[in-house]
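Just so we're clear, the structure is a prediction, and the values are computed from it rather than from any experiment. All ligand and atom numbering here is 1-based and tracks the order in the structure.
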Amino acid sequence: MLFRTTVIASVALAFVASTVEAHSWADCVDWRFNDPKKPGFRESDGKCFGWARKYPVNSGVAFGGLDSYSPSRHYQQNPADFTPCSDGKHGKEPGGDETRQNPISKSYTKPWGAQAKTTAGKKICMRWPAKNHAVKEEPEHFVFINMPNTTLSADPSQAVFSKNTIAKLPYKNCNDIPGDTDHTPCGGCFTVPATLATGNYVVQWRWQLNPNEFYTSCWDLGVTAAAAPGAVVPLGAKTSIFAELAED
Ligand SMILES: *[C@@H]1O[C@H](CO)[C@@H](O)[C@H](O)[C@H]1NC(C)=O
């Protein structure tokens, strides 16, 4: 066993040294900029308010390091089954357990990170580590945000997720960190469909690195009721109230 571990470790080292190959995951699924006019993904640019399922927020591992953590967060789907959310068993590279829990809150109570919550129609941002794949020499790879627009009692198949792509985000939207292309912070934003009723919706982050090579992260986005109409709208900002009144 020790021998085997050593062999695997040296093979892994040789691999790292020759190709610097590593893979990504959703690090934060509700990233809020300190200053919306200066959006960015470095620690100094914002804070995280929501995480993917069973995210080990207290691991003590620095940003971008959870691929060498056990269980790893970089889950690579096996094209033979395309298990949509890591179950810790399936996959070319199995990850942690990111299957839907019952109740959903089990994925977001200690020791895990908090659940992401928003309101319909709002923009929500997220971030991920570049893991050396945002360098100039590499082509752009995209992150697909897949989100069925109904609340479900179980996770959908990959086919259903893929039919419900609500955003395609450029993977290489990053803040360069000089000399460290691995821990470079990257991210993007998408708008939660305005038509959604309140409830928990499953969201999948799916990064395509090569043909048929996909990495995913899954979470449950809580869509809560918006503030009462008028409560936060400044006077004069919404002239249509008069139009609505006129029509009544
Ligand atoms: C959900 O998506 C379907 C198909 O695109 C659409 O017809 C339906 O109106 C959507 N429902 C909501 C609540 O957004």
(request) Return yes if a side-chain donor-acceptor contact under 3.5 Å exists between Gln76 and His23, otherwise no. (result) no
(message) Among all the protein's heavy atoms, is there at least one whose distance to atom 9 (O) of ligand 1 comes out below 4.0 Å?
(response) no
(request) Evaluate the ring planes of Trp128 and Tyr171, with Trp represented by its six-membered ring, and classify them as parallel (under 30°), tilted (30 to 60°) or perpendicular (over 60°). (result) parallel
(request) Please work out which of Asn149, Leu196, Thr150 has its closest non-hydrogen atom nearest to atom 6 (C) of ligand 1. (result) Asn149
(request) Answer yes when Asp220 and Arg53 have at least one side-chain N-carboxylate O distance shorter than 4.0 Å, and no when they do not. (result) yes
(request) Answer yes if a protein heavy atom lies under 4.0 Å from atom 4 (C) of ligand 1, otherwise answer no. (result) no
(request) Can you pull out the closest protein heavy atom to atom 14 (O) of ligand 1? Residue, atom name and distance to 0.1 Å, please. (result) Thr195 OG1, 2.6 Å
(message) Under a 4.0 Å threshold between the charged nitrogen and the carboxylate oxygen, would Lys54 count as salt-bridged to Asp97?
(response) yes
